[in-house]
Peer 1: 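Handing you a structure now.
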Amino acid sequence: MAHIVTPLDQPSNYKDSQSRVDRQTQYNLLKKSTTLYVGNLSFYTTEEQIYELFNKCTTPEEGGGIKRIIMGLDRNTRTPCGFCFVEYYSHAEALACLRYISGTKLDERIIRCDLDLGYRDGRQFGRGRSGGQVRDEHRQDYDPGRGGWGAHAQRAEIERRREVEERYNDAQDVPGAVAGGGGDWKDANHQAAETTLKRARSPDDEGDSGRGDPRLKIEEQEHDANRM
């Protein structure tokens, strides 16, 4: 069965595009590596959370443990962007964490680990166009743990909103355009319509609003009848 089931501590075939070593040399170096690359982290996962999880497979009684953790940062904002490097004091500890922690959940996300050639200054920054990781550039799904939509989708949405605003602003410059969403125009015309429909008050209406005493009108009519 050994040739059928892939060992859990087997490094992937990933090759850093900026590394100058060939694959065979890389394979030999990974057999002694004490560094893990950790990916698919939430942007909100803290260094303390990572330390607590990855310290479970260490052997401090034998002089081992976590040497340091390097958080991956957005190149522009200097905020976490979803990956990190964990350095151990021994290769055995790195293998143990690769075997038992990779594929488990941290902050409700399945994280992935891989042996790494070793951290070098500058590798903590994302390589994507927007400053984060390349995978987040072209991602089309909405991931609340990794900044929402992918960078490309966000730029497309910003461009769409800009075009809508430009069309709206151009419409305001056209004669007869409705300003303020039509509310001012509607109120003004409504008041004008009410003024037009009201009948002007005539001099004959003065003193006779239709609400006079009816008994006075009856007495006047009887007085006129007696005179006849």
Side-chain angles (χ1 to χ4, degrees), residues 6-51 53-54 66-88 94-95 97-163:
T6 303
L8 296 177
D9 56 2
Q10 183 71 27
S12 71
N13 293 323
Y14 171 78
K15 186 177 185 303
D16 187 356
S17 60
Q18 296 185 0
S19 176
R20 298 181 180 181
V21 301
D22 56 44
R23 288 197 174 274
Q24 185 58 45
T25 303
Q26 173 178 299
Y27 179 76
N28 294 334
L29 292 173
L30 290 178
K31 289 195 297 184
K32 300 181 293 182
S33 174
T34 61
T35 303
L36 281 183
Y37 170 89
V38 184
N40 200 39
L41 292 172
S42 167
F43 289 2
Y44 306 103
T45 299
T46 64
E47 185 175 337
E48 289 76 15
Q49 290 175 284
I50 296 171
Y51 184 91
L53 177 62
F54 283 83
I66 294 177
K67 186 177 181 180
R68 64 172 175 168
I69 297 175
I70 302 97
M71 299 295 291
L73 303 175
D74 186 290
R75 189 175 62 255
N76 300 324
T77 63
R78 297 299 196 267
T79 56
C81 64
F83 72 98
C84 74
F85 298 94
V86 181
E87 290 186 351
Y88 292 93
L95 277 183
C97 285
L98 176 62
R99 182 183 296 116
Y100 298 117
I101 295 181
S102 184
T104 61
K105 278 190 175 183
L106 178 60
D107 262 358
E108 299 301 319
R109 301 183 66 85
I110 297 178
I111 60 175
R112 61 178 186 277
C113 307
D114 198 7
L115 286 174
D116 191 81
L117 293 177
Y119 171 77
R120 299 188 310 276
D121 190 35
R123 290 190 66 197
Q124 75 270 36
F125 299 123
R127 299 175 182 176
R129 176 183 173 187
S130 62
Q133 288 192 280
V134 175
R135 59 167 291 194
D136 290 316
E137 287 291 323
H138 307 287
R139 180 168 49 79
Q140 296 298 318
D141 61 320
Y142 183 84
D143 190 339
R146 295 184 68 90
W149 297 104
H152 181 73
Q154 290 185 22
R155 287 195 295 269
E157 177 63 16
I158 292 173
E159 181 65 21
R160 185 190 69 81
R161 292 185 179 182
R162 186 185 63 81
E163 292 178 354

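All of these numbers come straight from a predicted model, not from anything done at the bench. Heavy atoms only: backbone and side chains are in, while hydrogens, waters and symmetry mates are out.
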Peer 1: Nearest 0.5 angstrom please: S102 OG to D114 CG, how far?
Peer 2: 8.0 Å

Peer 1: Under the 3.5 angstrom rule, does the side chain of T35 hit a backbone N or O of G118 as a donor-acceptor pair?
Peer 2: no

Peer 1: Do L36 and L115 come within less than 4.5 Å of each other through their side chains, counting heavy atoms only?
Peer 2: yes

Peer 1: Taking all non-hydrogen atoms of both residues into account, name the closest pair between Y119 and I70 and its distance.
Peer 2: CE1-CG2, 3.7 Å

Peer 1: Roughly how far, to the nearest 0.5 Å, is the CZ atom of F85 from the CE atom of M71?
Peer 2: 11.5 Å

Peer 1: Mind listing the closest non-hydrogen atom pair of Q26 and V21 along with its distance?
Peer 2: CB-CG2, 4.1 Å

Peer 1: Can you find a pair of side-chain heavy atoms, one from T104 and one from I110, that are under 4.5 Å apart?
Peer 2: no

Peer 1: Knowing that exactly one of I69, V38, I66, I111 qualifies, which makes a side-chain contact (heavy atoms from CB on, under 4.5 Å) with I50?
Peer 2: I69

Peer 1: Side chains of C81 and D136: does their closest heavy-atom pair fall under 4.5 Å?
Peer 2: no

Peer 1: May I have the step-by-step check of side chain to side chain contact (heavy atoms under 4.5 Å, CB included) for L41 and D107, ending in yes or no?
Peer 2: CA-CA 8 Å; L41 292 172; D107 262 358; over 6 Å; no

Peer 1: Working to the nearest 0.5 angstrom, can you tell me the gap between D116 CG and R123 CZ?
Peer 2: 4.0 Å

Peer 1: Using modelled atom types only, decide if a donor and an acceptor are shared between the side chain of R75 and the backbone of G128 within a distance under 3.5 Å.
Peer 2: yes

Peer 1: Say whether, by atom type as modelled, one donor and one acceptor occur between the side chain of E137 and the main chain of S130 under 3.5 angstrom.
Peer 2: yes

Peer 1: Can a salt bridge be assigned to the pair R135 and D143 using a cut-off of 4.0 Å between side-chain N and carboxylate O?
Peer 2: no

Peer 1: Can you establish whether the number of heavy atoms outside R78 located under 6.0 Å from its atom CZ is more than 12?
Peer 2: yes

Peer 1: Taking all atoms of both residues into account, what is the closest heavy-atom pair of C97 and Y88, and its distance?
Peer 2: SG-OH, 2.8 Å

Peer 1: Look at atom CD of E108 and say whether more than 12 heavy atoms of other residues, nucleotides or ligands are closer to it than 6.0 Å.
Peer 2: no

Peer 1: With rounding to the nearest 0.5 Å, note down the distance linking OG1 in T25 to CZ in R20.
Peer 2: 14.5 Å

Peer 1: CZ of R161: more than 12 outside heavy atoms within 6.0 angstrom?
Peer 2: no

Peer 1: First locate atom CZ of F43, then atom CD of Q133, and finally report the distance between them rounded to the nearest 0.5 Å.
Peer 2: 7.0 Å

Peer 1: Work out which heavy atom in T45 is nearest to a heavy atom in Q49; give both atom names and the distance.
Peer 2: CA-OE1, 3.4 Å

Peer 1: Between Q124 (side chain) and G122 (backbone), is there a donor-acceptor pair under 3.5 Å?
Peer 2: yes

Peer 1: Which heavy-atom pair separates P80 from L73 by the least distance, and what is that distance?
Peer 2: N-CD2, 3.9 Å

Peer 1: Which heavy atom in D74 sits nearest to a heavy atom in F125, and how many Å separate them?
Peer 2: O-CD2, 4.4 Å

Peer 1: Taking the side chain from R139 and the backbone from R146, do they hold a donor-acceptor pair closer than 3.5 Å?
Peer 2: yes

Peer 1: Please round to the nearest 0.5 Å and tell me the distance separating atom CZ of R23 and atom CG of N28.
Peer 2: 13.5 Å

